[in-house]
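A short worksheet on the structure shown next.
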Amino acid sequence: MGTVTVHAFKACTGPCIPYDYWPKATFHTHILAANPFTAIDFETANNFRASACAVGMTKVRAGVVVEQVSWLMKPLPGFDDFHPVNVGIHGITAAQVRNMPDWRGIHGPMLDFIGADALVGHNVSFEKSVISKANEACGLPAPAFDFHCTLNLARQHLVLDHYTLSDVVGALALPAFNHHDAGDDARASALIAIELARRNGASSLGALWPGESRPRVPAYYSPGYTRKVSELPKANPDANPYGPLFGQTIVFSGDLAAMPRADAQDAAAAKGAVIANGATKKVTLVVSADAGGSGRQSAKVRRAHELAAAGQDIKVISELQFLRLLAFK
């Protein structure tokens, strides 16, 4: 595959990984010595998980990055529509991947690169879903990977207002990266795992993610849970003041398809929005999971329409409209 970009690292120097940043990982080889792993990240052309258009992977041995690959791919037939929101996020277009192999051509080399490694990612449930749905679309069996999530890991060990990949990288003072570049995101996830392993002296993935079936994650990240007012994220005062979400007061209604409600609240707050639980006189936007659908309107949506009829500046928008606003830099 001539379109593949590969970076291999044989020593503790290299153009993509500043190894001098990791002197402890270089000399104290007990860090994650028991478990090699591959960090992975996908970008998709649209909201369908089977629409993968890029994958990045970073291989780690004994706490040191040893190899990295990033591949563009053509989305599978039937999943190949490039949505403007997704393009705005990762910058990949249909024209860029027109002559690339699709999942069926990438699947084998991807498995060869991963080998017997566990897979690590930030919100790795997304990567797990991409692999599952793309394999399902191709009639391929689902591989039995062991997945570990750096998002959950960061929530266990760090106290932050937000836990996006950029937030965690910044909190750990890791090297800057190009967010939503699959190769850079995979590498950033790997470095988060390495740094938190170093801080905790973890020699294995099991030690770094103990009892992962019962992670110490706030209950409001569980499906169906509504956050208490005290648990709602605070608006980021340093967000772009010209962004469309900055200064808005937002309430979410229903379960979004793209992400859990708590993650959507976190993302909106990171853009400078105030998050509310109910459609009050302070709310300016109601994000409705069923906007434009045939379902019955929720109490929040009905209340928003009542307030709008009474003259309040409040709008009901769809999930897709919200994602477009969220994509604004």
Side-chain angles (χ1 to χ4, degrees), residues 4-26 28-43 54-71 110-128 130-131 145-158 163-209 212:
V4 174
T5 56
V6 179
H7 306 284
F9 304 97
K10 302 303 182 183
C12 293
T13 57
C16 293
I17 302 294
Y19 281 92
D20 55 351
Y21 186 85
W22 302 106
K24 293 184 179 180
T26 302
H28 298 282
T29 56
H30 67 280
I31 300 297
L32 295 177
N35 293 111
F37 70 85
T38 293
I40 190 167
D41 181 84
F42 289 105
E43 300 297 332
V55 60
M57 293 180 287
T58 297
K59 191 178 291 292
V60 174
R61 295 290 182 267
V64 175
V65 171
V66 295
E67 191 174 1
Q68 177 180 325
V69 298
S70 58
W71 303 328
M110 183 180 73
L111 292 186
D112 289 342
F113 185 88
I114 296 169
D117 287 1
L119 290 180
V120 167
H122 204 72
N123 191 25
V124 78
S125 60
F126 177 82
E127 277 63 43
K128 183 177 183 180
V130 168
I131 294 171
F145 291 124
D146 185 16
F147 290 91
H148 298 278
C149 185
T150 56
L151 175 59
N152 287 348
L153 188 67
R155 286 172 178 157
Q156 292 171 13
H157 294 285
L158 302 174
Y163 291 88
T164 67
L165 189 60
S166 296
D167 289 321
V168 177
V169 164
L172 295 175
L174 299 177
F177 71 111
N178 182 17
H179 195 16
H180 294 300
D181 174 273
D184 272 21
D185 284 3
R187 185 178 65 198
S189 298
L191 296 183
I192 288 171
I194 293 170
E195 174 62 6
L196 289 176
R198 185 188 68 79
R199 293 186 181 197
N200 291 277
S203 61
S204 68
L205 296 179
L208 191 55
W209 280 277
E212 197 163 34

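Because the structure is a prediction, the values reported are computed rather than measured. Hydrogens, waters and symmetry mates play no part in the numbers below; they use all other heavy atoms, side chains included.
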Apply side-chain contact (heavy atoms from CB on, under 4.5 Å) to Ile192 and Val169, showing your working.
CA-CA 7 Å; Ile192 288 171; Val169 164; 4.2 Å; yes
If we only count heavy atoms from C-beta on, is the His122 to Val168 side-chain gap below 4.5 Å?
yes
What is the distance from atom CZ of Arg187 to atom OG of Ser70, rounded to the nearest 0.5 Å?
9.5 Å
Side-chain heavy atoms of Val124 within contact of Thr150, under 4.5 Å:
no
Donor-acceptor contact below 3.5 Å, side chain Ser189 vs main chain Ala39:
no
Atom NE2 of His180 and atom OG of Ser166: how far apart are they, to the nearest 0.5 Å?
7.0 Å
Checking Trp71 side chain against Gly56 main chain: does a donor-acceptor pair fall under 3.5 Å?
no
Main chain of Asp185, side chain of Asp41: is a donor-acceptor contact present, judged purely on distance under 3.5 Å?
no
Closest contact, heavy atoms only, Leu205 versus Pro36:
CD1-O, 4.4 Å
So CG of Asn35 and CG of Leu208: to nearest 0.5 Å the spacing works out to 10.0 Å
Would you compute the distance between atom NE2 of His179 and atom CG of Asp167 and round it to the nearest 0.5 angstrom?
8.5 Å
State which residues pass salt bridge (charged side-chain N to carboxylate O under 4.0 Å, His left out) with Lys59; sequence neighbours excluded, sorted by chain then number.
Asp117
Quick check: do Glu67 and Phe113 have side-chain heavy atoms less than 4.5 Å from each other?
yes
Checking side-chain contact (heavy atoms from CB on, under 4.5 Å) for the pair Phe145/Leu111: CA distance, chi angles, key distance, verdict?
CA-CA 10 Å; Phe145 291 124; Leu111 292 186; 3.4 Å; yes
Does the side chain of His157 come within less than 4.5 Å of Asn200's, by heavy atoms?
yes
Please check if the side chain of Glu127 supplies one atom and the backbone of Phe42 the other of a donor-acceptor pair under 3.5 Å.
yes
Hey, does Phe147 have a side-chain heavy atom less than 4.5 Å from the side chain of Ile40?
no
Below 4.5 Å, heavy atoms only, C-beta onward: do Phe177 and Leu165 meet side chain to side chain?
yes
Minimum heavy-atom distance between Ala186 and Thr58, given as atom pair plus value:
C-OG1, 3.7 Å
Flag side-chain contact, heavy atom, 4.5 Å: Gln68 against Met57
no
Residues in side-chain hydrogen bond (donor to acceptor under 3.5 Å, both in side chains) with Asp181, at least two apart?
none
Can you tell if the side chain of Leu196 reaches within under 4.5 Å of the side chain of Leu172, non-hydrogen atoms only?
yes
Please find the pair of heavy atoms, one from Cys149 and one from Asn123, that lie closest to each other, and give the distance.
SG-N, 3.4 Å
side-chain contact (heavy atoms from CB on, under 4.5 Å) evaluation trace for Leu119 with Phe37
CA-CA 6 Å; Leu119 290 180; Phe37 70 85; over 6 Å; no
Donor-acceptor pair, Tyr163 side chain versus Leu158 backbone, under 3.5 Å?
yes
